[in-house]
Amino acid sequence: MFCESSKELAHFVSEARAFTNQGKVADYIPALGKANPHDLSIAIKYPDGRYVSAGDVKKKFTLQSISKVISLALVLSDHGPDYVFDKVGMEPTGDPFNSIAKLENMVPAKPLNPMINAGALVVTHMIEGKSVDARFQRLLAFIHDLTNDYTIDYCEQTAQSEYETADLNRALSYFLKQHGQIDEPVEHLIQLYTKQCAIEMNCLQLARIAMVFAQDGKDHETGKQIISKDIARICKTFMVTCGMYNASGEFAIKIGIPAKSGVSGGIMGAVPGKFGIGIFGPALDDKGNSIAGLKLLELLSKNYSLSMF
Ligand code: GLN
């Protein structure tokens, strides 16, 4: 049986919190630099509606790279896998998430996977709509369905802060545009992408999204099949192979849960067939993953044999 009491979970949180001292909050997006490095919270959502949680689970944070899984699920639903994977690959890279290195060696310039920034930019480019705002609202509506919470929005200040400093993402986008992988003004794409990354929620809401992925795309509380089983499978596979950037291999060995992290310190974990996990711990390790969040998942995985392997 998995952790059934918040008290049990609080014990693991206090053990993992000690590791926050060894991490650093991201500050290349200035707004993220304001986070408290010692925060650590977790929510677990079961398909029957129950939550078990510990820490300040109501605190909001921005999704950052976690949003890449959600935008991928949306464009796969809209266009189908053949269309999407014609433009973005399925292979992990051993490089940091914002690296341009491999892109230059690929002919055509096709990003290796949708979890690195180059691939995520191509995916975001595929979100349909007549304007940047309409496309963003479409993504937000999808997130409202996934969370069954229609109040979720984005943090304007974080979006603006990233927009003003996103020159590496602009460089990737110009490169992709020159090679015909995107065909819209780069500034439009960066506006949409930075808003996407700034979508804001708390651990409880993130755990609910994770739960839908864990349950093959179905929300058992509302009875809605929000994502097809096949698309949920594809997304979870990417979470295993590429979800923790260039630490995905080690994560698969030590923890073995499909998971996606973001530089805000969020981690979404989907334990297949079981439950969803939402974590927030903004102190990051040198690869950009929540240092205490990883420790917490490792403790849980070991104690409750959660590895899928
Ligand atoms: N918005 C961030 C970026 O593009 C997301 C990166 C991340 O969370 N790893 O740099």
Side-chain angles (χ1 to χ4, degrees), residues 23-35 60-72 88 92-103 111-125 127 132 136 139 143 154-176 182 186-201 206 209-210 238-239 241-248 251 259-269 278-291 293-294:
K24 265 186 71 194
V25 301
D27 55 8
Y28 76 97
I29 299 172
L32 296 182
K34 295 183 191 145
K60 286 187 190 172
F61 53 92
T62 56
L63 288 180
Q64 300 302 331
S65 278
I66 301 172
S67 70
K68 292 169 178 170
V69 185
I70 302 167
S71 54
L72 176 66
V88 55
T93 76
D95 300 327
F97 62 86
N98 52 10
S99 174
I100 200 166
K102 293 254 167 40
L103 204 51
L112 274 164
N113 70 68
M115 301 292 121
I116 50 171
N117 285 13
L121 287 160
V122 171
V123 166
T124 298
H125 170 63
I127 299 175
V132 167
F136 179 66
L139 177 65
I143 288 185
Y154 76 108
C155 170
E156 218 173 314
Q157 199 199 354
T158 308
Q160 184 62 25
S161 175
E162 181 169 15
Y163 183 75
E164 286 166 8
T165 53
D167 291 326
L168 210 43
N169 285 325
R170 281 188 179 85
L172 289 168
S173 304
Y174 278 113
F175 190 91
L176 290 162
I182 62 169
V186 165
E187 287 312 307
H188 289 183
L189 179 57
I190 298 296
Q191 274 167 23
L192 181 55
Y193 176 78
T194 50
K195 280 186 169 183
Q196 167 189 315
C197 290
I199 290 172
E200 198 176 38
M201 63 182 70
L206 185 60
I209 299 181
F238 275 122
M239 287 161 77
T241 56
C242 320
M244 309 302 282
Y245 322 120
N246 46 332
S248 298
F251 186 85
K260 181 75 203 89
S261 64
V263 286
S264 53
I267 303 178
M268 171 170 90
I279 290 181
F280 174 56
L284 308 179
D285 64 14
D286 56 352
K287 299 206 167 140
N289 293 313
S290 169
I291 194 160
L294 288 182

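Whatever order the structure lists them in is the order used to number ligands and atoms, beginning at 1.
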Closer than 4.0 Å to some heavy atom of Gly262 - which atoms of ligand 1 meet that?
8 (O)
So for atom CD, which belongs to Glu187, do other residues, nucleotides or ligands contribute more than 12 heavy atoms lying within a distance under 6.0 Å?
yes
Does the side chain of Gln196 come under 3.5 Å of the side chain of Ser67 through a donor N or O and an acceptor N or O?
yes
A student checking ligand 1 against Tyr193 at a 4.0 Å heavy-atom cut-off should list atoms 3 (C), 4 (O), 5 (C)
Short version for Cys197: what comes under 4.0 Å of ligand 1, heavy atoms counted, is side chain
Just by distance, do the side chain of Ser290 and the backbone of Gly281 share a donor-acceptor pair under 3.5 Å?
yes
Minimum side-chain heavy-atom gap Ser65-Lys260 below 4.5 Å:
yes
closest protein heavy atom to atom 10 (O) of ligand 1 is Tyr28 OH, 2.6 Å
The atoms of ligand 1 lying under 4.0 Å from a heavy atom of Glu162, numbered in the order shown, are 1 (N), 2 (C), 3 (C), 4 (O), 10 (O)
Does Asn169 reach ligand 1 with a nitrogen or oxygen that is under 3.5 Å from one of the ligand's nitrogen or oxygen atoms?
yes
Output the list of atoms in ligand 1 that are nearer than 4.0 Å to some heavy atom of Tyr245, sorted by atom number.
7 (C), 8 (O), 9 (N)
Within the structure, does Val263 bring an N/O atom to less than 3.5 angstrom of an N/O atom in ligand 1?
yes
Can you find a side-chain donor-acceptor pair between Glu164 and Gln160 that sits under 3.5 Å?
yes
The criterion is ring pair (Phe, Tyr, Trp, His ring centres under 6.0 Å); which residues satisfy it with Phe61, sequence neighbours excluded?
Phe280
Atom 7 (C) of ligand 1: nearest protein contact (heavy atom, Å)
Ser65 OG, 2.5 Å
Does some side-chain heavy atom of Glu162 sit less than 4.5 Å from a side-chain heavy atom of Tyr193?
yes
